[in-house]
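Have a look at the structure below before the remarks.
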Amino acid sequence: MSLWIQAQQLQGEALHQMQALYGQHFPIEVRHYLAQWIESQPWDSVELDNPAEEAKAKRLLDNLVGELQKKAQVQGGEDGFLLKIKLGHYATTLKSTYDRCPLELVRCIKQILQSEQRLVQEATNVSSGNGLQAMDTLSQRHQQINQAFEELRLATQETENELRKLQHSQEYFIIQYQENLRIQAQLSSLSSLPAAERSQRETPLQSKRATVEAWLTREASTLQKYRLDLAEQHQKTLALLRKQQTLILDEELIQWKRRQQLAGNGGQHEGGLDILQSWCEKLADLIWQNRQQIRRCEHLTQQLPLPGPMEELLRKLNADITDVISALVTSTFIIEKQPPQVLKTQTKFAATVRLLVGGKLNVHMSPPQVKAAIVSEQQAKALVKNESTNSESSGEILNNNCVMEYHQATGTLSAHFRNMSLKRIKRSDRRGAESVTEEKFTILFESQFSVGGNELGFHVKTMSLPVVVIVHGSQDNNATATVLWDNAFAEPGRVPFVVPDKVMWPQICEALDMKYKAEMHTTRGLTEDNLVFLAQKAFTSSSNNPEDYHSMTISWAQFNRENLPGRSFTFWQWFDGVVELMKKHLKPHWNDGAILGFVNKQQAQDMLLSKPNGTFLLRFSDSEIGGITIAWVAENPNKQGERLVWNLLPYTTKDFSIRSLADRISDLNHLVYLYPDRPKDEVFAKYYTPPLSKAVDGYVKPEIKQVVPEFTSPNHEPSGGAPAFMDQGTLPPAGHSSTFPIYHPVADNILDAEGEFDLDYPMDVARHVEELLRRPVVNQWSGQQS
């Protein structure tokens, strides 16, 4: 089922959020009529921060416009005529909007698709009672926010109306006050007249003056009451604004940042930023309107001073609402795209910062510049406390200045750092057993700008998630552990970058499962049995009861500082080795359910001995990082009637870079059934490498095959579907004999620490392959002679 079909089935608040994704920047009609085409395009292959990708984005834009035009042309009938005009208009609009910035179209569509995916996923999770309750809570919270905005809009409109009434009353008061002054001037001018005439004209003027002065006295009291009532209304509105701002900034935005942090461990994409921006823009608009109203009240008070506390009251209101707008602006300067949390020196990286209220406050009219710098954990702590820090940064970042750009189509103001590079890093003195891969830094982004015609100036700062700096790929493993622990267990509002030293075992299980599923791009995560296996490894325990581990805690030292008993690696290093091996070479087999993996040697033996000979399973090596072995059950060649479980020497990424797992399993005829009872070809045949072509010009192509000498039949194909075994002595470690053509792990390090071919050893590799090809191969070329 297509994503769009699922999105149309959303209900309530989720449907409202989905509809809010669309607008003039990308009409929902375009999404509807080109749904299949849009979902089939390689939007994710476009690197938004790479200007060189603009040509690819331009082709996507042109293709989109072309598809719209084709869709418009095929419309017929009375209703089709209107649709034809509308789709043609959309094609023209999208072309003119994004022709000069096609990457923004890609960014827009990617955000829409990611948000739809998130909403559909959340709705899918509603099948459980907790999921339904969570969705209801989310819907209620968003409804609460929208209702509060409506209440604020009405309150602001009411104070605007009251302010106008006050202004009209004050203007009339001033007119009457001037009239009173005119009467007084007339009375003064009567002193030069004869007494009789003066008396005759003075009496009505004095009566009129008394009437006006009485009115002025009453009206002055009324004006003062109006002013006080209006100030009280503004105080109430200000309290509502603060409450709404707290809900959006301290709850919704913090939750978004938390989702962003968990996304660093493989959690769901954070999403929802466009909704947050719409809320923040509404807030900014309402706060600014109220601030302008208060300023107008101040002006009226200065224009007509009256006795009372009004001047001081307005001064406090103005200061308070300025604080509110300042908090909004500084809090909405956020990092939309985080820099990599494991940061290698001399390597290009990107980041994006965004001001959520920039468009509403017209900050883009004078685009501000943003500067990036790397700071230490100690400097970050001082920044949080607003203490002065050493102006010297903890390293040098190239291309660390960027001007914020306003994108009219999406209404976003952001700065895209596309080509930053950490030239050098200055490390601090480490504490105790702390290694360089446990030292945390952060990228500090800061900018200065003003709003309201330079009326208010702002100096905004925001810090990235913790960054671990490495200088070599071999440090990546341990640095990733530091990042995973921090992302998983950091608490909101913490002192940078404090994390607990111990956590409950179920918490680490959740983090490992999230990481595993993300790296494998699968929904098949770690089962309860898998997690029990990991607990046994972490705690050196033999208990198979999951409940035994629920109340246990695991420390950072147990996780990635102390080696496992009898091993030269830590718990995390073993787990990460498994993840690296799986995602590089074995991902489809895991998704097919072909790899059990998290099974120890004794468990494998117990499982296989109850199955027919030739049954095998795949499990991760206990003794080697990033190793996987095949365990199978077969007769003991040295003792008739005895069945044993055999284990091949573990394969690593080196081995699979030369020959795939599926082909290796195909080579071994004694492997018949994948545990529990699936014929191996049924599981692995679709991954076999196609057979080599026939001989050409008298030459045949050689190929490398894997053979276990003690389990090799004279013919390549097993007879009757049963494995044929050689009658040999006790099986030595698999892969050590080379009397038959077999690939086995070689001593030469043909791959470096990052799994790439090491160019320091090309001749050794060539000689090794040449030696293999020179060896005689029994019946290998039968049927291929020309």
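Using a 4.5 Å cut-off on side-chain heavy atoms (C-beta onward), L465 and K257 make no contact. Put simply, the side chain of C509 does not reach to within 4.5 Å of the side chain of Y549, judged on heavy atoms. Counting only heavy atoms from C-beta outward, the side chains of F539 and I554 approach each other to under 4.5 Å.
No hydrogens or angles considered: nothing links the side chains of E438 and N478 as a donor-acceptor pair under 3.5 Å. Judged by distance alone, the side chains of S394 and Q379 do bring a donor and an acceptor atom under 3.5 Å apart. Side-chain atoms of S543 and S541 include no donor-acceptor pair closer than 3.5 Å. Remark: the S660 side chain and the H585 side chain contain no N/O donor-acceptor pair separated by less than 3.5 Å. Residues Q603 and Q536 have side chains that never bring a donor and an acceptor to within less than 3.5 angstrom of each other. No side-chain N or O of R258 forms a donor-acceptor pair with one of Q255 less than 3.5 Å apart.
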Where do N477 and D576 land on the side chain to side chain donor-acceptor pair (under 3.5 Å) test, with the steps shown first? CA-CA 7 Å; N477 178 292; D576 188 59; 2.8 Å; yes
Intermediate values then yes/no, ring-ring contact (aromatic ring centres under 6.0 Å, His included), F620 and F533: CA-CA 11 Å; F620 301 129; F533 171 88; 8.0 Å; no
Using the rule given for side chain to side chain donor-acceptor pair (under 3.5 Å), can you reason through T629 versus N647, listing the C-alpha separation, both sets of side-chain angles and the distance that settles it, and then say yes or no? CA-CA 7 Å; T629 185; N647 292 275; 4.7 Å; no
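Note: Y516 and W590 meet the aromatic proximity criterion, with ring centroids under 6.0 Å apart.
Using a 4.0 Å cut-off between charged nitrogen and carboxylate oxygen, E519 and K583 count as a salt-bridge pair. Comment: D622 engages K537 in a salt bridge, judged by a side-chain N to carboxylate O separation of less than 4.0 angstrom. R494 and D486 are joined by a salt bridge, as a carboxylate oxygen and a charged side-chain nitrogen come within less than 4.0 angstrom of each other. At a threshold of 4.0 Å, the pair D655-R659 does not count as salt-bridged, since none of the basic side-chain nitrogens sits closer than that to a carboxylate oxygen.
Screening W556, W485, F559 for a ring-ring contact (aromatic ring centres under 6.0 Å, His included) with W572, the sole residue that qualifies is F559. Results of the side chain to side chain contact (heavy atoms under 4.5 Å, CB included) test with Y651 over L618, L581, L586, I630 single out I630 as the only residue that passes.
Using cut-offs of 30° and 60° for the angle between ring planes, the F571 and W505 rings count as perpendicular.
M420 contributes atom CE, which lies 8.5 Å from atom SG of C402 (distance to the nearest 0.5 angstrom). Atom CG of L253 sits about 7.0 Å away from atom CG of L356, to the nearest 0.5 Å.
Geometrically, K584 does not engage F656 in a cation-pi contact defined by less than 6.0 Å to the ring centre and at most 45° from the axis.
Using modelled atom types, one side-chain atom of Q260 and one backbone atom of E336 make a donor-acceptor pair closer than 3.5 Å.
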